[in-house]
Peer 1: 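Got a structure for you, questions after.
Each chain gets a letter, A, B and so on, in the order its sequence line appears, and its residues count up from 1. What you are looking at is a predicted structure, and each value in this text was computed from that prediction instead of being measured.
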Protein chains: 2
Amino acid sequence: MTPTTPTRETTLGCDACVMRHKSDWQVLSDDEIQMLSRGQSKHCYETGQTVYAMGERSRGVYCICSGAVAIRQFDPEGNSVLLQLAYSGDTLGYESVLTGETHRCSAEALGPATVCLIGTHTVKTLIARNPDLGLQFLRRTAAKLQDAQEKLVQHATLSNRAKLAHVLLILMDRCGRRGTDGAGSIYLPVSRRDLASMIGTRHETLSRIIGRMENDGLAYFSGRSVDIPRIEALLGEIRPQLVG
Amino acid sequence: MTPTTPTRETTLGCDACVMRHKSDWQVLSDDEIQMLSRGQSKHCYETGQTVYAMGERSRGVYCICSGAVAIRQFDPEGNSVLLQLAYSGDTLGYESVLTGETHRCSAEALGPATVCLIGTHTVKTLIARNPDLGLQFLRRTAAKLQDAQEKLVQHATLSNRAKLAHVLLILMDRCGRRGTDGAGSIYLPVSRRDLASMIGTRHETLSRIIGRMENDGLAYFSGRSVDIPRIEALLGEIRPQLVG
DNA sequence: CGGCCGCATTGACAAACGTCAATTTATAAA
DNA sequence: TTTATAAATTGACGTTTGTCAATGCGGCCG
């Protein structure tokens, strides 16, 4: 959302990147990595800065070196829906490269983040040269599709409370710390409004659900910190009718 | 859902298929089409028969020659959610081929349908031989992902009534007939229960929404037939707050 | 330090939704 | 055609949610 331009960095090249062997680009050979290095530029973003905006023309694909990025979409009224959280190693924005259309979502840094932009021409050249890269993108996209479809099923069948429990469990996996026994704690990467949009409700309703969860001893919220006494208890929330 | 086995047909080969130049396989050369023909088998399904079931091991990808197929997912309680309607020319089930996992969704014929099964080995060979096929799948998957994400945004921001209006407009495009003026009519390919699952609500609620829509003169339902006096009126339903 | 602004919480009320149950209408089978 | 079975509708009722509005909390900048 912040319009400030990100810092451009002179970079060491992708062969030295920490994500070299953990991202989709791992299928590239050494000289293809050199091509990638030449066709790429590294940028540093502060909290809230926009990596790319919805409606913008695609400039290439984006590879997250460090930090977390929120993928969101806005509806005509200006409401935003948080669709995905992306972390280091993730590659973003190749849908628009393939279709040639403008970005359907916007990407925004959730904290200090470094992201590399690989120009459209370089991406297309690399895909043509090494088909494995395209296959890698295909696998990744298929996984995202399954993810989105699972969310659709949950939106259709689960209560908001169960959906919140599910999101907490996912965030627990992503950025939570496990305690001694079945306990855990999370530092949320997102605001309450975004959390509400993730489960498909208003932020006021989310507040009430949180209140009820605290009453029931399931999870305790304080700012962006969440404490979960028993992680399995959250799991039980997702399928209430199966417990009986 | 019907466990009856589909009819197997001796086929003429994919080079003669009506979908030859309208499906993802259009990127294949003549001799690659011959490979496709040899690695494929054609099956005829009756209404309600299962093409592949959730949890089943993948046997390959499925190409719809004629008819319509419903892609659905079941949650642990047995509720089903209709995720996608597929028509002739569409290719299904390649996610499972890529990941090697079992099918996450089930596919079921909505009416008499003919579907070709292309064996896993043939698919992998063709993708390795002609990277354009993989790219074609990638484009298709990316489009489906955008579709799913748009639905997620709608589930989070629109009322059930607006969502129904939206589904009707999509079905209007797919299988509707336009009248003289702004009117139109649709023969629904799905039951009320499925329609309800598409907009994420119970079938009883859908019944009531339909009742209110008929009261307001927006659409008239009779069995699986829907009459829409003014198509633009449905469009206005989707963004009620923008009309003011 | 204080004011400002956005985020979060809480309350009150009306509207929408889910559930259970009964009834009517289709559809398929005998 | 009759019967059985599933789908669809309708009613009643309690719960949840959205909306509007007011208040509390926290960071940021002057």
Side-chain angles (χ1 to χ4, degrees), chain A residues 1-2 4 46-48 70 75 77-82 110-111 154-165 188-216 219-226 237 240-241 244, chain B residues 1-2 4 46-49 70 75 77-82 110-111 154-165 187-216 219-226 237 240-241 244:
Chain A
M1 297 293 277
T2 315
T4 327
E46 295 304 317
T47 307
D75 73 358
E77 283 91 47
N79 305 312
S80 90
V81 178
L82 190 44
L110 286 170
Q154 292 181 354
H155 275 290
T157 58
L158 263 52
S159 69
N160 282 333
R161 178 171 168 141
K163 280 185 263 179
L164 175 57
L188 299 175
V190 294
S191 70
R192 294 289 148 97
R193 289 185 116 87
D194 281 339
L195 196 56
S197 83
M198 289 172 86
I199 69 172
T201 189
R202 305 279 147 181
H203 58 106
E204 297 99 324
T205 303
L206 175 64
S207 267
R208 287 179 237 275
I209 294 173
I210 287 176
R212 276 177 252 156
M213 272 198 168
E214 290 183 335
N215 264 325
D216 300 347
Y220 298 93
F221 291 70
S222 169
R224 292 204 169 184
S225 299
V226 189
E237 278 295 312
Q241 48 275 65
Chain B
M1 298 293 275
T2 314
T4 328
E46 295 305 317
T47 307
Q49 279 191 316
D75 73 358
E77 283 91 47
N79 306 312
S80 90
V81 178
L82 190 43
L110 286 171
Q154 292 182 353
H155 275 291
T157 58
L158 264 53
S159 70
N160 282 334
R161 179 171 167 141
K163 280 185 263 179
L164 175 57
Y187 186 81
L188 299 175
V190 295
S191 70
R192 294 290 149 97
R193 287 186 118 86
D194 282 339
L195 197 56
S197 82
M198 289 172 85
I199 69 173
T201 189
R202 306 277 146 181
H203 57 105
E204 297 100 323
T205 303
L206 175 64
S207 267
R208 287 179 237 273
I209 294 172
I210 287 176
R212 276 177 252 157
M213 273 199 169
E214 290 183 334
N215 263 327
D216 299 348
Y220 299 94
F221 291 70
S222 170
R224 292 203 169 185
S225 300
V226 189
E237 278 295 313
Q241 48 277 63

Peer 1: Would you find a donor on one side and an acceptor on the other, under 3.5 Å apart, between the side chain of A:S222 and the backbone of A:S225?
Peer 2: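 The answer is no, because no donor-acceptor pair under 3.5 Å joins these two groups.
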
Peer 1: Is B:R192 reaching over with its side chain to a backbone N or O of B:G223, donor-acceptor style, under 3.5 angstrom?
Peer 2: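 Yes, B:R192 side chain to B:G223 backbone: donor-acceptor pair under 3.5 Å.
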
Peer 1: B:L188 has an atom CG; how far is it from atom C1' of D:dA7, in whole Å?
Peer 2: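 Those two atoms, CG and C1', are 14 Å apart.
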
Peer 1: Going 5' to 3' through nucleotides 9-17 of chain D, assign each nucleotide B (protein heavy atom under 4.0 Å from a base atom), S (under 4.0 Å only from sugar-phosphate atoms) or - (no protein heavy atom that close).
Peer 2: BBBB----S

Peer 1: Would you mind building the protein contact string for nucleotides 24-30 of chain D? One character per nucleotide, 5' to 3', B for base within reach (heavy atoms under 4.0 Å), S for sugar-phosphate only, - for untouched.
Peer 2: -------

Peer 1: Taking NE2 from A:H155 and P from C:dC17, how many angstroms apart are they, rounded to a whole number?
Peer 2: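 So the two atoms are 16 Å apart, to the nearest Å.
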
Peer 1: If you compare all heavy atoms of B:G200 against all heavy atoms of A:A156, which two are closest, and at what distance to 0.1 Å?
Peer 2: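 The pair with the smallest heavy-atom distance is CA-CB, 3.9 Å.
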
Peer 1: Whether the side chain of B:T201 engages the backbone of B:L206 through a donor-acceptor N/O pair (distance < 3.5 Å, no angle test) should be reported.
Peer 2: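 No: the side chain of B:T201 does not pair with the backbone of B:L206.
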
Peer 1: Taking A:R202 for the side chain and A:R193 for the main chain, is one N or O donor matched with an acceptor at less than 3.5 Å?
Peer 2: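 Flag not set: sc A:R202 to bb A:R193 has no pair under 3.5 Å.
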
Peer 1: Show the nearest heavy-atom pair for residues B:I210 and B:L164, with the distance to one decimal.
Peer 2: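 Closest approach of B:I210 to B:L164, heavy atoms only: CG1-CD2, 4.2 Å.
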
Peer 1: Apply side chain to side chain contact (heavy atoms under 4.5 Å, CB included) to residues B:S80 and B:D194 and explain how you reach the verdict.
Peer 2: CA-CA 8 Å; B:S80 90; B:D194 282 339; 3.9 Å; yes

Peer 1: Taking C-beta and beyond as the side chain, do A:R224 and A:S191 meet within less than 4.5 Å on heavy atoms?
Peer 2: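 A side-chain contact under 4.5 Å exists here.
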
Peer 1: Assuming nearest nucleotide by heavy-atom distance, tell me which of A:R193 and B:R224 is located more 5' along DNA chain C.
Peer 2: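 The residue mapped nearer the 5' terminus is A:R193.
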
